[in-house]
Every structure is written in structure tokens, then in C-alpha cells.
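In what follows, chains carry the letters A, B, and so on, assigned in the order in which the sequence lines appear, proteins first and then strands, with residues in each chain numbered from 1.
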Amino acid sequence: MSQETRVRFAPSPTGSLHIGNARTAILNWLFARHTGGSFILRIEDTDLERSSKESEESIYNDLHWLGINWDEGPDVGGKVGPYRQMERTHLYEEYTNKLLANGHAYHCFCTQDELEEMRQKALAEGKTDAWYDGRHRNLTTAQKQAFREEGRQPVVRLKYPDQDITFIDIVKGETTFPAGSTGDFVIVRSDGTPTYNFAAVIDDGLMKISHVIRGDDHLSNTPKQIAVYNALGWKVPIFAHIPMILGPDKSRLSKRHGATSVRGYADAGFLPDALINFMSLLSWSSPSGDEILSIQRLIDEFDFSRVSKSPAVFNVEKLEWMNGMYIRSLAIEKLTDLCLPYLQNAGYHLPERSVLEQIVAMVQENLERLKEIVEKLEFVFADKVIPATAEAVRMIEKESTSKVFWSFLRQLDKVEQLDFARFRQIMKTVSEETGVMGKDLWMPLRVALTGQIHGPDLPKVVDIFGKERCKKLVESALNI
RNA sequence: GGCCCCUUCGUCUAGUGGUUAGGACUCAGGACUUUCAUUCCUGCAACAGGGGUUCAAACCCCCUAGGGGUCACCA
């Protein structure tokens, strides 16, 4: 019973990592780390049409970005490899032959037209599943020979048992599929490649996978796969069908709901830990009730007993909030590193590192996504400052404004340098001198210095800008 | 349509027969403050419907409705 836990994530390389698949990967990984078992990456590339090497690479990259590592996989090897299905064809052949030999599978020579006819006939009877009538189940050698001479390339079908198939899913509970709801399905295509329901079983069996954790869209594939395990005489693994992730309209999450690739979220400036934290909370919850959970806590606490059965809507607002929490908790050095690419990409002329860190720190608590750093800091890197909105213009057109500006400029001349403390002192003096205070005092200066009515604390801005820049900006504001 | 799965605030969820049904996001209001934001406080808001079982049901059973998935030589 105390068999080693071995789980796998088995994406097909037909694009970059989808958010739904990423969630499956995350739960598998969390479970493996929680139990001290192994997490295996397997590439299911039997769909020759759609699979590509680039997709495989991008999946590795996205997984690495998330911080998910695997113990066995195409790139790192392992004792039950190879880990790319197209490199395992000899194994599928071997087991196909076994099934053919022990009578659990057979060659079917039906043409597309014949198949279509059967499908129509079944449809007329109100059946859409189990439409294949099993007509080639017991072909004689002579019949097979005749078909071959016609040039027909057979597929291999599994004899699906005429009985209920019941299994216990550790998230859904006991579920049974009644006999007759599935027909003899194809396990090997006419070109010799295995189909998903066959290859997955051969691989999971040979790779000693103990728990098959996947999206519940695979629930209805499970009886087929169990039939393969049984035909092979293999032990059936434990299944865990996790609920799907839905879009805001409650349909399966897809492109039309916006970004659905992990890459998209990475580019927008979401942090991997925040994304993992958020996604782990989709259909799972910590017994503590806490929501901001470190990866370590996630690993410590993750358990299928707390995975819910119902699907969850991907709530981007909450992800953004959570990402903001993570950004705020970042050390400034780290945050600056992460923001650097966005800033460089924006073409900003960046100051030396220590100054840059100060600048980034200024807007740290305003960020929900790293990408936003570009707009938040636009006023710092702009060539000139102009009031950005009508309201800003109004602030600067107030009667008391020029008084404030002149007073400010006079005070500025009295100091060698401008910094946080001196600025506060100056503002106090300006207020006393002009009698202007509060909003009317601060807003004009804010607009003069940043062009906007919202932004970071002014003393911080001034501290970074320094005396000369402030002087120039206020002087030019006087001419508006 | 057949089969399978699911159903607590708008969203994510806690809850396993006795709770004022709790928390989080969002939203609204307030406090703080030179603005925004942060932070803190307050508030709005839910057991899909109908039958049972029981002294007692969000929790157990049945039915209905709704949602999702799946019915390929895709995975």
C-alpha cells in the first residue's frame, strides 16, 4: 500500500502552456511535493499534425517560469523513459501485439464511408455513442487477407467489455459508466500511431504512475482507459479529476475570455508565485482559511480532501489584487529587477541603479501588474511636463497658484540642495508666507512637477528630482 | 439527444444535522492623508426549486430545473 507516489503532467505540444493545463500541472506538482513523490513530465506528441518542437520548448519555459520543476522528463531523463510519446512507438507496438494476441483487440478494416454509415444508422436509433457495431471483431484470416489486398490499412480496436465500469475518483467519489455506453474504440490508427486513450494507459502503466490527476473533461475517457488496463491485466491507478476553470460566462475558459496562456500573464507582469497561489485556490482551500499562501505552505497543506467538485470561474480581479499583494511584499532590489525589462522596453533613459530603485519604490504600492510601471513612471522619464487633464489645468490656474510658485522658487534659492526634509520645510514656509494651505498649496506643485493630479508622495518625487529639475519645472509651469 | 459530473453572496470559497450561514475579491461608505494608492474599520450581498427523512437540514434521500463535460483514426 505504501507505494511511491508518482504523478505526471502530460501536455501535448500544440501551443504554449494554457492556463487550464498549468493548473493541472500545479496540482500534480503540489501533490508530488507534498507526498515526497515524483513529478514526471511527459510529452504527448502523437498528433503529428499539430505537435511542434517550438511548442514543447515554450511549455518548458512556461513551466520553469512558474517555478515548477520535474524529476523525470524528456530533457532530464529518468529510469522509465523515453518521455516523448513518439519515441515510445516500439512500446505501443509491443503492447498492441499483446492485446491482439490475447484477443482483447482486433484489426478493423472499415472505410470512412462504412464508419459514417454506421454512425448514421446509430444516430437514427438515437445513439451517438457506441455506434460502432463491432463488425470486424471476428474476421477470418482470409477476410483480413482480402481487405489487405484491397489496400485497406486497418486500425486496431479494443474489445470494449459489455459491463458497467465503476471506479473511485478521489475528488468526484464513486462513479460508474453503464455498459453499452462505449463501443470498441480505436487504439492504433491506420498509420500505426497510438491514440490518446491507449498511449496514455501504456505510459501511465509503464511509468508506474500512482495517481492520474487531470481535468475532469477526461472523466468520460476513464472507462475506456480502465478497459485497457484490464485487458492488459494491469493495476488501475487512482484517479483524481479536478474541476475545470471557467470563463466569466461559465463556459470553459478559452481565448475569447482574454489571455489564456501562462505566457500572456507573465508578459502582463503577473508574478509566478501569485499565479500559482491564485490558481491553487481555484477549487481548493487551505484549512486555515488563509488565502495568501507561500509555495511552501501550498506544498505542506495541499490535499485532495479539500479539492471541491465544482468548477471555478477564473476571476481576474482577484488575481490582480493578489498580484498586487505579492508586488508590495517584494524587496525593492527584486522588484527593480523585475521591472527593468518593461522600463527598457518603453525606451526610458534610466538613471543609475540606486536612483532607479528609489523611483521604483515610489510606485511600488500602486502596482498590480509589473507592466503598469511604465505608465506610472511616465512623468519621471518624460521630456517635459504638461498638465495631463482638464482638472490638472484647473488646479494650476487657481488664483493662489502663482503666489505659491513664486514663493516656492524664492525658498528654493535659499537651499543648496533639495531633499525630502528640506522640501517639507520649504512647503511649511511657503504656506506661512502665502497663507495658502492644503490642496491649494500642494496640488499646483504636483501638477507642475508631474503633470498629473494623482501620483506618489510629492516629497518623494522632489527628493528624486532634485533642486534644479524642480526649479525648471515650476518656472515653466509659471508660463502656462 | 445518450452518458457522466456539478449547483452556498456577482466571483472564489468555509461549512460534513442544531451557526446571527463565516472569510476573500469586487462594489459602497468611513478613518488616515497634500492627491492616488496602501492600511484599517463598516456596509451591501448566498444555501437553484420542490418533495421527503428527522424534534431539528445548506448538510441525508428523491424529483425538477440550470450549468458544464463527453460522445473522433484530437489530446
Side-chain angles (χ1 to χ4, degrees), chain A residues 10-14 21 44-47 49-51 85 108 110 112 115 119 122-123 125-131 153-157 169 171-173 175-178 180-183 185-197 199-200 214-223 241 243-244 246 248-252 278 281-287 289-292 306 308-322 324-325 328 363-368 376 395 427 431 437-447 450 452-459:
Chain A
S12 48
T14 55
N21 286 131
E44 307 211 328
D45 53 357
T46 56
D47 182 345
E49 297 282 305
R50 301 192 299 149
S51 297
Q85 289 189 322
C108 166
C110 290
Q112 286 304 328
L115 257 17
R119 213 177 265 128
L123 199 60
E125 292 165 13
K127 272 170 78 166
T128 50
D129 49 10
W131 48 269
Q153 293 291 322
V155 297
V156 178
R157 287 182 185 271
D169 185 289
V171 357
K172 303 287 185 184
T175 108
T176 121
F177 287 78
S181 56
T182 302
F185 61 95
V186 175
I187 59 173
V188 179
R189 289 184 273 256
S190 51
D191 67 359
T193 56
T195 59
Y196 167 72
N197 283 126
R214 74 223 310 195
D216 72 11
D217 49 334
H218 286 286
L219 203 54
S220 47
N221 282 321
T222 309
H241 287 98
M244 312 213 65
L246 272 28
D249 63 355
K250 308 254 191 163
S251 72
R252 182 204 206 114
F278 174 74
L281 253 27
L282 255 27
S283 67
W284 175 82
S285 60
S286 161
D290 293 346
E291 301 207 283
I292 300 292
R306 294 189 65 83
S308 78
K309 300 175 177 193
S310 43
V313 172
F314 193 87
N315 182 188
V316 185
E317 280 86 47
K318 188 153 182 177
L319 204 213
E320 286 171 341
W321 161 78
M322 189 173 277
M325 294 288 281
R328 268 168 257 133
V363 294
Q364 179 168 21
E365 64 191 17
N366 279 273
L367 259 30
E368 282 193 326
K376 301 273 189 223
M395 283 316 307
M427 289 305 280
S431 183
M437 50 185 138
K439 255 186 177 181
D440 291 343
L441 172 68
W442 292 84
M443 269 303 180
L445 270 162
R446 172 176 294 286
V447 173
T450 72
Q452 291 169 332
I453 56 171
H454 301 311
D457 284 343
L458 223 37

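Contacts of P248(A) with the nucleic acid, taken as non-hydrogen atoms under 4.0 Å apart, are absent. At a threshold of 4.0 angstrom between heavy atoms, the contacts of S283(A) are confined to the sugar-phosphate backbone, with no base atom among them.
Taking atom P on both nucleotides, U8(B) is separated from C60(B) by 14 Å, rounded to a whole Å. Comparing U42(B) with G51(B), their P atoms sit 39 Å apart, to the nearest whole Å. Comparing the P positions of U26(B) and C47(B) gives an interatomic distance of 24 Å, to the nearest angstrom. Across the C1' atoms, A14(B) and C9(B) are found 13 Å apart, a figure rounded to whole Å. Between G22(B) and C32(B), the distance separating the two C1' atoms is 28 Å to the nearest Å.
For A28(B), the paired nucleotide is U42(B), the pair qualifying as Watson-Crick or G-U wobble because both relevant distances are below 3.5 Å. Nucleotide U7(B) forms a pair with A65(B), judged by Watson-Crick or G-U wobble geometry with both contacts under 3.5 Å. With a cut-off of 3.5 Å on both Watson-Crick or G-U wobble distances, the partner of C71(B) is given as G1(B).
W131(A) has a side-chain polar atom (N or O) that falls below the 4.0 Å cut-off from OP1 or OP2 of A72(B). Not one side-chain nitrogen or oxygen of R306(A) sits closer than 4.0 Å to the OP1 or OP2 atom of U13(B). Between S285(A) and A14(B) there is a side-chain polar atom (N or O) within less than 4.0 angstrom of OP1 or OP2.
Remark: ring of W442(A) overlaps the six-membered base ring of U34(B) in a stacked fashion, centroids less than 5.5 Å apart, planes less than 30° apart.
Between H218(A) and Y196(A), the ring planes lie tilted relative to each other; the angle falls in the 30° to 60° range.
Checking side-chain atoms of K309(A) against main-chain N and O of P243(A) turns up no donor-acceptor pair under 3.5 Å.
Taking a 6.0 Å sphere around CD of E49(A), one finds it holds 12 or fewer heavy atoms contributed by other residues, nucleotides or ligands.
For a distance-only test at 3.5 Å, the side chain of S220(A) fails to qualify as a donor-acceptor partner of the base of C3(B).
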